[in-house]
There are 2 protein chains.
Amino acid sequence: MEVSASPAAPATALPATFADGVFPAGCPSRTVLDHVTSKWGVLILLALSEGEQRWSDLRRRAEGISEKMLAQTLKTLERDGLVRRDAQPVIPPRVDYSLTARGYELSALLVPLVAWAYDNADDIINGKG
Amino acid sequence: MEVSASPAAPATALPATFADGVFPAGCPSRTVLDHVTSKWGVLILLALSEGEQRWSDLRRRAEGISEKMLAQTLKTLERDGLVRRDAQPVIPPRVDYSLTARGYELSALLVPLVAWAYDNADDIINGKG
DNA sequence: TAAGGTACTTACATGGAAGTTAGTGCCTCG
DNA sequence: CGAGGCACTAACTTCCATGTAAGTACCTTA
C-alpha cells in the first residue's frame, strides 16, 4: 500500500480518546508507555514471548544487558503484572520467568513493531527512503 | 483469550531471526527502536497519524513537550525518513509536518500499542490483575 | 582448596535525554 | 508604539536511565 504525495487523510482511525491532545501529561498511560517502551523492557518482553525462561537465559538473549538492568527490568515488569516470577526452592536456585496473560497481550503488539524495526533498520540508518 | 497457569507455549511465533539472542547488541535495529520508542517520538508519530499538522498544533497535542524537544524529535524523525517537513515561504511562516509512507507504516503498529497502554494503564498502575 | 555457576543486591559513576531560559526575525493586531 | 504569535535556535542545567564493579550466599565439580 502506497501513500501519495499529499497524505492529508489518516491511514488508521484512532479511538476518539486521542482525537485531541494525544493524551494528557501526567496520565498513567504515559508511565505505562515508558515502562513497556524502555530499552530493555521491549527486549525482555520479546524474549519471554517465546516462552518461559530462566535468569541466565534472559541474560544471553537480551544481549548486552547488565545483571542490574535485568533485575530492575524484571522487577518493573513484574510489578506491572506483565511478567510472572516462579522461584523454585531447589538447589541450585532455579527461577523461571514467563509472561502473564497481560504480558502476552502486550508482546503480541510488540512483536510486529520490533520486526518492523529490524526490517527497516538499515534503510533508516543509511538514509535510504 | 486466556492463558492458563503454565504458558510454556508462545502466543505468537517470532521470525526465525529472533530465535536466539533477540538481536545483537550494537545492531542498527536497536538504534531505530530507541528512536521510535522514545518518550516524545511515539507521541509525535501518534499525533501525525491523524494527518498533517503544524508546529503549534503538535505543541498542543503532545501535551507537556518543550519547544526544544519538539524540534529535536521532529529532526530525528525526519532524518529517519518517518516525517516529512514542508516549509512554505509565506508570511507568517507556515510549516506543515506529516508522515511519510514509512511513517504511516510505523504508526499503524504504534496505534494499537498506545491504545493498549491507555486501556490498561489504570489496572497496571493500581496493581490490579 | 579453589574455581565456577545461579540469582541476585548494593554502591557509585556517567552520559545523554529532558527541562529551563532566553533570544531571533518577521509579521499582525490594537 | 508595544504586545503577541509563529517557528524556531542556543546555552546551560538537571535528572534519571543505564553502566560498572563488586559483594552475597549457597552449592558443585576438580
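Per chain, numbering begins at 1; letters A, B, ... match sequence-line order.
Atom CG of B/L43 and atom P of C/dA17 are 17 Å apart (whole Å). As a whole-Å value, the separation of A/R59 CZ from C/dT6 C1' is 12 Å. Straight-line distance from the CZ atom of B/R94 to the C1' atom of C/dG25: 20 Å, rounded to whole Å. Regarding B/D86, its CG atom lies at a distance of 12 Å from the P atom of D/dA7, rounded to whole Å.
Contact between the side-chain N/O atoms of A/K39 and the OP1/OP2 oxygens of D/dG19 is found at a separation under 4.0 Å. Contact check, B/K75 against D/dA7: no side-chain N or O comes under 4.0 Å of OP1 or OP2. Side-chain nitrogen and oxygen atoms of B/R85 include at least one within less than 4.0 Å of the OP1 or OP2 phosphate oxygen of D/dC8. Taking side-chain N and O atoms only, A/W55 has no distance below 4.0 Å to OP1 or OP2 of C/dT9. For the pair B/S56 and D/dG5, the criterion of a side-chain N or O lying under 4.0 Å from OP1 or OP2 is not met. The side chain of B/R54 contributes an N or O atom lying less than 4.0 Å from OP1 or OP2 of D/dA7.
Toward the 5′ end of DNA chain C lies the nearest nucleotide of A/D57, the other residue of the pair B/S66 and A/D57 mapping further downstream. With the nearest nucleotide of DNA chain C identified for both A/K68 and A/A87, A/A87 has the one nearer the 5' end.
Among the heavy atoms of the strands lying under 4.0 Å from A/Q72 is at least one base atom, whether or not backbone atoms are also near. Note on A/P93: a base of the nucleic acid sits closer than 4.0 angstrom, heavy atoms only.
Side-chain contact between A/L74 and A/W55 is present, with heavy atoms from C-beta onward closer than 4.5 Å. In this structure, A/V36 and A/L82 have side chains that are in contact, with non-hydrogen atoms separated by less than 4.5 Å. A heavy-atom distance below 4.5 Å is found between the side chains of B/E50 and B/R61.
Judged by distance alone, with hydrogens and angles left aside, the side-chain atoms of A/R102 form a donor-acceptor pair with the main-chain N or O of A/D80 at under 3.5 Å. In terms of modelled atom types and a separation under 3.5 Å, the side chain of B/T100 and the main chain of B/G81 share a donor-acceptor contact.
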